[in-house]
J.: 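Please find one structure pasted underneath; my questions will follow.
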Number of protein chains: 2
Amino acid sequence: MSRKTIHDVAAAAGVSIKTVSRVLNDETNVRPDTRARVLAAIDTLQFRPSLLARSLAGNRSHTLGFIYDDPSVHHLTDLQRGAMARCREAGNRLLVQPFVERGAELVREVVGFVTQTHLDGLIVTPPLSVLPDLAAALEERGIAHARIAPGDGATNVPTTDMDDVSAAREMTEHLLGLGHRDIAFIIGHPEHVSAHQRFMGFRLAMEAHGLLPPAGRVVQGAYSFESGVAAARKLLAARPRPTAIFASNDDMAAGVLLTAHDLGIAVPSELSVAGFDDSFIAGTLWPRLSTVHQPSFDLAYEATGQLLAFLKTGEVPPRLRVPHRLVVRASTGPVPA
Amino acid sequence: MSRKTIHDVAAAAGVSIKTVSRVLNDETNVRPDTRARVLAAIDTLQFRPSLLARSLAGNRSHTLGFIYDDPSVHHLTDLQRGAMARCREAGNRLLVQPFVERGAELVREVVGFVTQTHLDGLIVTPPLSVLPDLAAALEERGIAHARIAPGDGATNVPTTDMDDVSAAREMTEHLLGLGHRDIAFIIGHPEHVSAHQRFMGFRLAMEAHGLLPPAGRVVQGAYSFESGVAAARKLLAARPRPTAIFASNDDMAAGVLLTAHDLGIAVPSELSVAGFDDSFIAGTLWPRLSTVHQPSFDLAYEATGQLLAFLKTGEVPPRLRVPHRLVVRASTGPVPA
DNA sequence: GGTGCGCGTGACAGCGTTGTCATTTGCGTG
DNA sequence: CACGCAAATGACAACGCTGTCACGCGCACC
């Protein structure tokens with residue numbers, strides 16, 4: 001069963017290959033009956049155009065790259081799904097690739113990846129999206145890309161983000177509203193800007209109530225489950241214990257819950273636990289985790305849409321901020337008497 | 001910055017493009033000094049060969065497809081990682097694609113996918129790997145593929161699996177060894193052969209102890225968290241309650257744990273809960289889940305290796321069975337007195 | 001009735017590699 | 001020192017498609 005080509009279709013329909021190409025690409029200036037004839041031939045031959053040849057000839061691969069280096073499995077999965085969904089709608093494909101290098105080597109690898117595969121553009125996710133040398137290299141080489149990155153002012157690159165500061169602030173307000181004053185915080189991986197922003201949101205809310213983050217109540221984590229366990233061990237060993245722990249993502253919050261249970265600390269009656277992301281895991285934990293719904297899927301979906309738009313029009317769409325949502329479930333409750 | 005081509009390299013090294021191609025592909029019959037000169041040119045020009053052109057000309061894309069339709073997120077993620085790791089080692093790429101269709105349409109879509117993208121081969125994961133019409137179509141069209149599929153005797157296709165029956169049996173033995181007699185079982189998605197096999201393993205172990213699966217203790221699930229919750233509600237409403245629940249994957253076991261906690265049933269002192277898969281979630285639940293380590297990563301890693309070997313040699317490697325391992329953690333304990 | 005224009009179509013080059021086959025080069029041998 | 005053979009290299013077509021441009025035709029217009 002040798003491959004069917006555009007020539008076979010052309011022969012079957014009694015037209016030239018160029019006309020078949022026109023039909024394939026929905027170009028104008030093809031008479032309706034010709035088009036129908038070609039379509040019929042395509043159908044009976046079960047013809048599928050070679051994406052390789054199409055990309056090589058057309059100088060567009062209809063493929064976007066999705067690059068990441070994220071320790072937070074669930075968040076990443078959602079991002080991926082979002083990007084893939086948008087790609088599919090547009091008839092594009094998505095090539096997912098992790099990069100663990102940094103500095104010059106990262107730049108070389110990424111650029112090599114793009115040129116090797118003729119990518120039309122790149123979706124750059126955190127933390128890669130905040131590396132200045134990578135950004136500069138992409139800019140310089142004219143590689144189209146969209147960033148999913150916390151934004152600071154104007155940019156000349158399509159950028160999508162959520163308001164991490166406000167979100168963290170809202171969650172903190174929620175805890176404060178429940179009467180908590182002694183609230184501990186677990187910071188995320190320092191390479192992620194979101195980690196700083198969520199911490200900032202926490203501090204802002206505390207300060208608005210005249211509170212300082214209590215000494216020893218702020219612990220460095222790394223967005224991983226294990227780092228959540230480690231941080232919780234430290235925090236829950238203190239006397240008095242904090243009455244609430246706000247972990248800056250769900251995976252770490254899961255670690256906190258586990259540790260609390262292991263220590264026989266009841267959640268939420270003795271300890272409130274809050275997460276951030278609203279990833280798959282949040283709904284499977286017990287008690288179901290109060291968290292902030294981070295629109296990971298939408299974030300990537302929109303970023304991909306922006307990139308596609310940019311590729312089409314050449315105009316940089318304005319920064320897009322995707323709304324978040326406080327999700328109060330069962331892991332947070334009134335401060336113990 | 002226009003793309004560097006093999007011509008640029010050839011000019012820089014003072015050789016023909018064919019010689020560059022030889023160096024690129026590690027062919028013999030190139031003098032060492034010529035090779036060195038070409039390599040140097042490649043390096044200074046930062047040249048990366050176009051995979052598109054290479055695939056089109058060479059009739060090999062060095063790309064494998066990974067097709068799935070699995071509701072169990074974690075298991076799938078691990079499979080994907082395994083396949084990707086093996087591909088990377090071999091300098092291949094992996095194109096991941098879900099397919100939700102069935103029957104003739106599925107076949108059409110998959111075949112179209114393969115021809116469009118010039119895939120060298122396909123890694124077919126459950127439940128797609130047990131659909132007879134898909135298998136027949138791939139066979140007929142001469143599309144190389146490896147199956148991750150519970151095996152029944154000899155096959156002419158590289159196949160990798162684990163021993164689901166024995167694994168489920170061992171877990172059941174573990175529960176029986178703890179004194180449990182009234183053990184409930186939640187069956188997985190009926191489209192997955194693994195669901196039937198795990199159930200069979202359960203029954204076999206019970207029968208070996210002269211026990212029949214107690215009436216009303218076997219519930220149909222679907223491998224999803226929600227189906228676990230639903231099944232647990234049903235099972236835990238019965239009087240007397242079963243003393244143990246064996247859910248045939250971790251996601252469903254998570255649903256059972258959550259439900260038990262909600263009902264105030266202590267695990268494992270009042271109820272033992274067992275899962276299957278040992279996915280990421282198993283270690284994050286409380287109590288940490290006793291489960292069977294399903295070597296998802298290895299399964300896909302090996303399957304990919306087999307496919308690669310088959311593509312190279314044309315010989316079907318023998319069926320490979322990857323070992324599993326009982327992982328006893330904290331969610332199973334002695335039967336309540 | 002000739003001119004011009006636009007629509008529909010086709011011929012052909014080119015995308016950046018590899019495969020095939022011819023040609024050149026180098027070296028041992030008689 | 002010529003000869004032969006293998007090793008090293010190159011010329012060129014081919015992979016399957018799109019871009020460019022040219023062509024033919026019918027129609028409105030002066």
Side-chain angles (χ1 to χ4, degrees), chain A residues 1-39 41-42 45-63 91 93 112 114-120, chain B residues 1-39 41-42 45-63 91 93 112 114-120:
Chain A
M1 192 220 58
S2 75
R3 164 181 292 279
K4 301 273 184 289
T5 77
I6 204 174
H7 290 95
D8 301 323
V9 177
V15 297
S16 76
I17 59 165
K18 182 60 209 183
T19 299
V20 178
S21 172
R22 288 201 177 88
V23 172
L24 248 26
N25 293 286
D26 266 327
E27 289 176 25
T28 54
N29 297 348
V30 178
R31 259 203 324 242
D33 60 317
T34 314
R35 183 181 300 273
R37 220 153 13 105
V38 171
L39 251 18
I42 289 177
L45 287 177
Q46 293 259 52
F47 167 76
R48 295 281 198 132
S50 156
L51 296 181
L52 256 52
R54 194 200 281 253
S55 303
L56 189 57
N59 212 26
R60 300 239 354 233
S61 64
H62 299 278
T63 303
R93 280 172 320 146
V114 173
T115 58
Q116 269 206 332
T117 53
H118 296 243
L119 258 27
D120 289 346
Chain B
M1 197 218 57
S2 75
R3 164 180 293 279
K4 300 275 183 289
T5 77
I6 205 173
H7 290 94
D8 301 322
V9 177
V15 297
S16 76
I17 57 165
K18 183 59 212 185
T19 299
V20 177
S21 171
R22 288 201 178 89
V23 173
L24 248 28
N25 293 286
D26 266 327
E27 289 177 22
T28 54
N29 296 349
V30 178
R31 260 204 323 244
D33 60 317
T34 315
R35 183 181 298 273
R37 222 156 8 109
V38 171
L39 251 18
I42 289 177
L45 286 177
Q46 293 260 51
F47 167 76
R48 296 282 198 131
S50 157
L51 296 181
L52 256 52
R54 195 200 281 254
S55 304
L56 187 56
N59 211 25
R60 299 243 349 237
S61 65
H62 299 276
T63 303
R93 281 172 317 149
V114 173
T115 59
Q116 268 205 333
T117 53
H118 296 243
L119 259 24
D120 289 345

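Reminder, nothing fancy here: chain letters follow the sequence lines and each chain counts from 1.
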J.: Can you measure from CD1 (A/Ile42) to NZ (A/Lys4) and round to the nearest 0.5 angstrom?
T.: 13.5 Å
J.: Do any pairs count as a salt bridge (Lys or Arg N to Asp or Glu O under 4.0 Å) and have a residue in residues 50-60 of chain B, sequence neighbours left out, and if so which ones?
T.: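 For residues 50-60 of chain B, and leaving out neighbouring residues, the salt bridge (Lys or Arg N to Asp or Glu O under 4.0 Å) pairs sorted by first residue read B/Arg60-B/Asp120.
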J.: When the distance from CD1 of B/Ile17 to C1' of C/dG16 is rounded to whole Å, what number comes out?
T.: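 Atom-to-atom, B/Ile17 to C/dG16, this comes out as 9 Å.
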J.: Working to the nearest 0.5 Å, report the span between OG of B/Ser61 and CG of A/Leu51.
T.: 11.5 Å
J.: Let me have the donor-acceptor pairs involving side chains of residues 8-23 of chain A, under 3.5 Å, with sequence neighbours excluded, atom names and distances please.
T.:
residue : atom : partner : partner atom : Å
A/Asp8  : OD2  : A/Thr5  : N            : 2.8
A/Ser16 : OG   : A/Lys18 : N            : 3.4
A/Ser16 : OG   : A/Thr19 : N            : 3.4

J.: Could you pull out all residues at least two apart from A/Arg93 that satisfy side-chain hydrogen bond (donor to acceptor under 3.5 Å, both in side chains)?
T.: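 side-chain hydrogen bond (donor to acceptor under 3.5 Å, both in side chains) check on A/Arg93 returns A/Thr63.
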J.: Is there a residue in residues 22-34 of chain A whose heavy atoms reach under 4.0 Å of DNA chain D, and which residues are they?
T.: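 When residues 22-34 of chain A is checked for heavy atoms under 4.0 Å from DNA chain D, the hits, listed by number, are A/Asn25.
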J.: Considering only heavy atoms of chain A and a distance under 4.0 Å, specify the first and last nucleotide of DNA chain D in 5' to 3' order that meet this criterion.
T.: D/dG16 to D/dT20
J.: Expressed as a whole number of angstroms, how long is the span from A/Ile6:CD1 to C/dA11:C1'?
T.: 14 Å
J.: Under the side-chain hydrogen bond (donor to acceptor under 3.5 Å, both in side chains) rule, collect the residues that match up with B/Arg35, sequence neighbours excluded.
T.: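 Partners of B/Arg35 under the side-chain hydrogen bond (donor to acceptor under 3.5 Å, both in side chains) test: none.
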J.: Determine to 10° how strongly the helix from C/dG1-D/dC30 to C/dG30-D/dC1 is bent, judged from the axes of its five-pair ends.
T.: 50°
J.: Once rounded to the nearest 0.5 Å, what's the spacing between atom CZ of B/Arg3 and atom CD of A/Gln116?
T.: 9.0 Å
J.: Which residues, if any, of residues 48-62 of chain B bring a heavy atom under 4.0 Å of DNA chain D?
T.: B/Leu56, B/Ala57
J.: Taking only residues two or more places apart in sequence or in another chain, which ones pass side-chain hydrogen bond (donor to acceptor under 3.5 Å, both in side chains) with A/Ser50?
T.: B/His118
J.: For B/Phe47 and B/Leu24, which heavy atoms make the closest approach, and how far apart are they?
T.: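 Here B/Phe47 and B/Leu24 meet closest at CE2-CD2, 3.8 Å.
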J.: Between A/Thr19 and C/dG10, does any side-chain N or O lie under 4.0 Å from OP1 or OP2?
T.: yes
J.: Between P on C/dG16 and NE2 on B/His7, what's the gap in Å once rounded to a whole number?
T.: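 So the NE2-P distance, B/His7 to C/dG16, works out to 9 Å.
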J.: Can you sort out the partners of B/Asn29 under side-chain hydrogen bond (donor to acceptor under 3.5 Å, both in side chains), two or more places apart, ordered by chain and number?
T.: none
